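Here the structure comes first, spelled out in structure tokens, and everything after it is commentary.
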Protein chains: 2
Amino acid sequence: MATGTRRERERAQREELIVRAARELAEAEGWEAVTTRRLAAEIEYSQPVLYSHFKGKDAIMTAVAAEGFGELAKEVRAARTAATGASEALAAVAAAYTDFARKRPALYDAMFTHTVEVQFASEDGPAYLREGFGELLAAVEPLAGDDDPGVLTETFWASLHGLAMLERSGRLPAAWHDERLGLLIGRFAVGKG
Amino acid sequence: MATGTRRERERAQREELIVRAARELAEAEGWEAVTTRRLAAEIEYSQPVLYSHFKGKDAIMTAVAAEGFGELAKEVRAARTAATGASEALAAVAAAYTDFARKRPALYDAMFTHTVEVQFASEDGPAYLREGFGELLAAVEPLAGDDDPGVLTETFWASLHGLAMLERSGRLPAAWHDERLGLLIGRFAVGKG
DNA sequence: ACAGATTTCCTAGCAGTGCTAGAATCAGCG
DNA sequence: CGCTGATTCTAGCACTGCTAGGAAATCTGT
């Protein structure tokens, strides 16, 4: 790293500072506290500086979301590789995923609730998105049997996402989280493998 | 109906007008178009009139969400009672649920994405929420086997919700919707019943 | 080291938001 | 009709994301 002129390096450094400040502010006080004025004050620059790096506030949130996807993929991967059997790996992955959503609500919000512009799914999504999906796929595939592993992974992912969202909003009491996860794993790890 | 004085009846009528206007505007142009000024212009009153009926914009969205929960429950019920077997009922319910979310995105947003204040889950939620959950429960229970029907229903609901959200945001291509639903039903309707 | 060109940065402001105080208007009643 | 009280509107506040234009700092060539 450290390519380009000194100014270019300083710019890149400040861009990271913006993303880090936005993330920390969101995690500390929620995204509603992340205003451009507040964020500018936090990095000790004026508002227009933000716009010299990002097209708008959404772009900053997207950058935070990208960080989040990378970390989520890493945690899911760690959980998967640490587990032994196929079912155990699926359970570990599911627990890691929902834990991530629960412990980093602001980050998860940036990834799924707020930023809509990120298009991925099929083949042409950003790398960090394919990475996360690939981790889930690696855990689901051994248990897919005759079913399409990709579509099954999408379905499993949707279940995890739904659980995370409903529990986070308080619509499902968090107390029964483990039971729900257990039932879900039971349904997705039946028979095969 | 038609209780109280004439003025009270007119007030109630105007309150319904507000909710209807907010909903129609949201469904036509999205919730970002529903501003208090725009909504006031739509009902041909000034902004403070809105606040004489509702505590704030969130309260109006909550009222719209309440309507949505009622209609969702009705559609799920219709799908469930029209189906014959237990697995078929579950599939019909799942299709009805995701269809609702797809065809009424603004309404579904009001119900789940925006309004956070609605607490329900366990026992003390509003009636219209328990109604919808009850419909899902009625479809899931026959297939629960030894598992807790309530918790299993919550899990199934979360899966449907996750599918609806990810497909709506374009993160999962809508083209494979039916396949995902099929896989989900297959996992939740195994063996038992 | 200094003048000029260039890039970087900030001040000030715009149009819009949700929401509200106080003035104006309207309804009901003696 | 005139008064009282409820109802409604005008005007404004504090805030948002975002941006034009001038000020300030930096780099360049002599």
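Labels below follow one simple rule: chain letters A, B, ... track the order of the sequence lines, proteins then strands, and each chain is numbered from 1. Side chains included, hydrogens not; waters and symmetry mates left out as well; all remaining heavy atoms used. From a predicted model like this one, the values you see are computed outputs, not experimental measurements.
Classified by interplanar angle (parallel below 30°, tilted 30° to 60°, perpendicular above 60°), the ring pair A/His114/A/Trp31 is perpendicular.
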Protein-nucleotides 20-27 of chain C N/O pairs closer than 3.5 Å?
unit_1	atom_1	unit_2	atom_2	d
C/dA27	O3'	B/Arg7	NH1	3.4

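The existence of a salt bridge linking A/Asp147 and B/Arg187 is confirmed by a sub-4.0 Å separation between a basic side-chain nitrogen and an acidic carboxylate oxygen. For the pair B/Glu135 and B/Lys74, the salt-bridge criterion is not met [side-chain N within less than 4.0 Å of a carboxylate O].
Residues meeting the ring pair (Phe, Tyr, Trp, His ring centres under 6.0 Å) test with B/Phe100, sequence neighbours left out: none. For B/Arg23, the side chain to side chain contact (heavy atoms under 4.5 Å, CB included) partners two or more places apart in sequence, or in a different chain, are B/Glu27, B/Val64, B/Glu67, B/Glu71, B/Arg104, B/Leu107. Among residues two or more places apart in sequence or in another chain, the salt bridge (Lys or Arg N to Asp or Glu O under 4.0 Å) test is passed with B/Asp99 by B/Arg102. Every side chain to side chain contact (heavy atoms under 4.5 Å, CB included) that B/Ala91 has, sequence neighbours left out, goes to B/Ile185. For A/Glu88, there are no salt bridge (Lys or Arg N to Asp or Glu O under 4.0 Å) partners at least two apart in sequence or on another chain. Remark: A/Arg38 engages A/Glu29, A/Glu42 in a salt bridge (Lys or Arg N to Asp or Glu O under 4.0 Å) (not counting sequence neighbours). Annotation: side chain to side chain contact (heavy atoms under 4.5 Å, CB included) contacts of A/Gln47 (sequence neighbours excluded): A/Thr36, A/Arg37, A/Ala40. Residues that satisfy the side chain to side chain contact (heavy atoms under 4.5 Å, CB included) test with B/Ala95, not counting sequence neighbours, are B/Leu181.
For the 3.5 Å distance criterion, the side chains of B/His161 and B/Tyr108 qualify, holding a donor opposite an acceptor.
Rounding to whole angstrom units, CE of residue B/Met61 and C1' of C/dG18 are separated by 13 Å.
In summary, the aromatic rings of B/Phe133 and B/Phe69 are positioned with their centroids too far apart to meet the 6.0 Å limit.
Scanning DNA chain D 5' to 3' for nucleotides with an atom closer than 4.0 angstrom to a non-hydrogen atom of chain A gives a first and last hit of D/dT16 to D/dC27.
Residues from residues 15-25 of chain B lying near DNA chain D, meaning a heavy-atom separation below 4.0 Å, are absent. Looking at residues 27-44 of chain A, you'll see A/Arg37 sit with a heavy atom under 4.0 Å from some atom of DNA chain C.
Using a 4.0 Å heavy-atom distance criterion, A/Arg11 is classed as making no nucleic acid contact.
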